Amino acid sequence: MSRLALRVFETHHCPAAILTSLHINITTLSLPQTRQLHAQILRTGLSLDSHFATKLLSLYAHHLRFSEANTLLNSIQNPHVFSFSTLIHAYSKLTRFTEAILLFSRMIISHGLVPDTRLIPSVIKACSGLDNLRIGNQVHGFCVTSGLCQDSFVQSSLVHLYLKCSRLNYAHKVFDKMSHPDVVSCSALVSGYARDGRVNEAKMLFGRMVELGIEPNLVSWNGMVAGFNQSGHCLEAVKVFRNMHLSGFKPDGTTISSVLPSVGELEDLSVGVQIHGYAYKHGVGSDKWVVCALIDMYGKCSSTMEMSQVFYEMSQRDLGACNALISGFARNGLTDDALKAFNRVRSQELKLNVVSWTSIIACCSQHGKDIESLDLFREMQLSGVKPNAVTIPCLLPACGNIAALMHGKATHGFSLRTGISDSVYVGSALIDMYANCGRIHLARICFDRMPVRNIVCWNAIMGGYAMHGNANEVIEIFHSMEKSNQKPDFITFTSLLSACSHSGFTDQGEQFFNKMSKEYGIKPRIEHYACLVTLLGRAGKLNEAYSTIENMPFEPDACVWGALLSSCRVHNNMKLAEVAADKLFELEPNNPGNYVLLSNIYANKGLWKEVDRVRDVMKSMGMKKNPGCSWIEIKNKVHMLLAGDTSHPQMIKIVEKMDNLGMEMKKLGCLPVTSFVLQDVEDQEKEHILCGHSEKLAVVLGLLNTPQGSTLQVIKNLRICGDCHGFIKFVSEFEEREIFVRDTNRFHHFKNGLCSCGDFW
DNA sequence: ATAGGGTTAG
């Protein structure tokens, strides 16, 4: 402000008109000066001319004094569109979109003013910022009828609105009407198609751009690379990166960090290393985004050494990089390194965020550290970091794995309170959790209440029912899935087939197996063949099962032979059992389960010499039977019981109760099934060994510590043993309890002396 | 007066 102007301004009788007529630039006035000027004008008693009022408005907006600006606006007698525009532009620029739109509506409705081409782009921007297509559409409609649509700024902003609201076709329509399509709209549209996975359309438009004489720039290329990367078209992303290089464009940090995730996804280490060198050469090697992406890429390519090296060479600690490091370790199964890295970050000055916590929780729940996972979740909340819609699906499997139903329910409650329970990820994880905790009806309620479902949700509920041996439900859900136009995938058929095998639906199972390739075009995988073998095996069609294995288009794996071996145990088929076992010993020489299964079969027939032979082999290989282990949740605490373990503080009571129950059983004429003991020992001794089975211990512990009539829930790390199965059936009737036992294979739901598996497992 | 891109958790 010139000295003269200031003097004029400071004298008390200076009407605003003088300032304007002097062509004084008042945009630099400070807030007090603005207020002084405003007050001065009011004192003169002159009505504000709208031109000057607009200047004052923009001053207030510039100083973020929106309430004063609004008061001023309201005091203008006949406000001009410009007065409103000034404020609307300001709101829009500050991302205060709601206020921008409200003011816009007031301008039209209360004042009957008509917007011009300058105002529209700001309003459209506010609509896209709010993802508000409804108002956006109205504004678009107005632009069409009023002819404002001819303006290229208006068109450009409309293209962005429709892209933002994922209405690619509308965006394209607007773009096609542009008389002078510009590089910005065109690039945005290309990137939109790429993000949507519409590879060919993206490429064609990119080609047309060149034909139209619009030179693609760095942003155009980057948008395409990032778009393909986001839609998971990794190969395309890398190809575009190459083409860009061939076209003579130098990549920047954005390009590199957009292409690297794709390289990682493809696990193409050599390309990754090349790009690493390339980034270095172009001087973006220490860009923090690039470093993050490099750590991620090396982690995905299983090069944890290189990953750590990049991390430690980083000049400045960055939380994103730390998180990438943690998840890189976790991805490669290095849980201890992940925990170490996590704890190191925790003890440093960097504040962990929701991603850090979620990564480590996922790491634990995916690698058998379920209790740690639950503990970390608590610590996370104590530290004041709020879990989000990703954290919950990472935590829920931990609850399911150890059947920590109370924790699971609490987590469910949390997701309802925070409004994330509608997410398909959260919903599927809840279904899995409840199914794994034996509460299939609660899983069903979650499923039924989902507003949107994807294939994962359908598979989750079907898998749940399959695990519970309820083939009728699985098939029924499969039909409603088809009705709702959801296409099945290979996992759907795994659930269908395993449900049929658990329920003895042999014919239906075979039909589904045949249909999956013929009608649904899904090639059976090896796990489907394993289900088929179990299906036939259960029905006693052991020879058919065997020929299925011989004729399948894959090299049979341990699952397939294991399925045959289990069936041989049920039907006492020694000959095929030995064939299957031989294959298993070849494929998994160090898996004690196979040896145990075979020796059980021998023991069942009283072939103790053979039993000894198997035991000797195990011994000579230094192999031990995996210790049986069961879990039970009592009053929010998860108890772990090992087979033969007498260290539990309530052991005396447990043994007493067990003896009592054993006597009651004998009174009713139920004898223990001693063939489930490995060793050839006297019957009484066998009985003693059976007493120590972990699932029995857990059930009795549950009986002692829970109220009469409440449901018990036990998880076992091995398949349930036949003696325990009989014992628990008895207990369910005698004690009038429902008892759920989840073994490695399926659920056993004991009620009134019967089990849902129909004694087949 | 309008408009463009990137990392880490499922």
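Any value given below was found using the heavy atoms of this structure, including those in side chains, with hydrogens, waters and symmetry copies removed. Nothing here was measured: the structure is a model prediction, and the numbers come from that model. Each chain gets a letter, A, B and so on, in the order its sequence line appears, and its residues count up from 1.
- Distance from the side chain of A/Cys394 is smallest for B/dG10 among the nucleotides B/dT8, B/dG10, B/dG6.
- Taking side-chain N and O atoms only, A/Arg331 has no distance below 4.0 Å to OP1 or OP2 of B/dT8.
- A/Asn353 comes within contact range of no nucleotide atom at all, as no heavy-atom separation falls under 4.0 Å.
- Across B/dG6, B/dA3, B/dT8, the shortest atom-to-atom separation from the side chain of A/Ala226 is found for B/dG6.
- Residue-level contact check: A/Asn217 touches the bases, meaning some heavy atom is under 4.0 Å from a base atom.
- The shortest distance between the side-chain N/O atoms of A/Gln230 and the OP1/OP2 oxygens of B/dG5 is not below 4.0 Å.
- Around the CZ atom of A/Arg317, the shell of radius 6.0 Å holds more than 12 heavy atoms that belong to other residues, nucleotides or ligands.
- Checking B/dT7, B/dG4, B/dA9 against every side-chain atom of A/Thr358, the shortest atom distance belongs to B/dA9.
- A/Ser258 comes within contact range of the sugar-phosphate backbone alone, with a heavy-atom separation under 4.0 Å but no base atom that close.
- Closest contact between the side chain of A/Arg118 and the listed nucleotides B/dG5, B/dT8, B/dA1 involves B/dA1.
- Among the heavy atoms of the strands, none lies under 4.0 Å from A/Arg195.
- Considering only the side chain of A/Asp296, B/dT8 comes nearest among B/dG6, B/dG10, B/dT8.
- Between the base of B/dG6 and the side chain of A/Asp252 there is no donor-acceptor pair shorter than 3.5 Å.
- Here A/Lys288 does not reach the OP1 or OP2 of B/dT7: none of its side-chain N or O atoms lies under 4.0 Å away.
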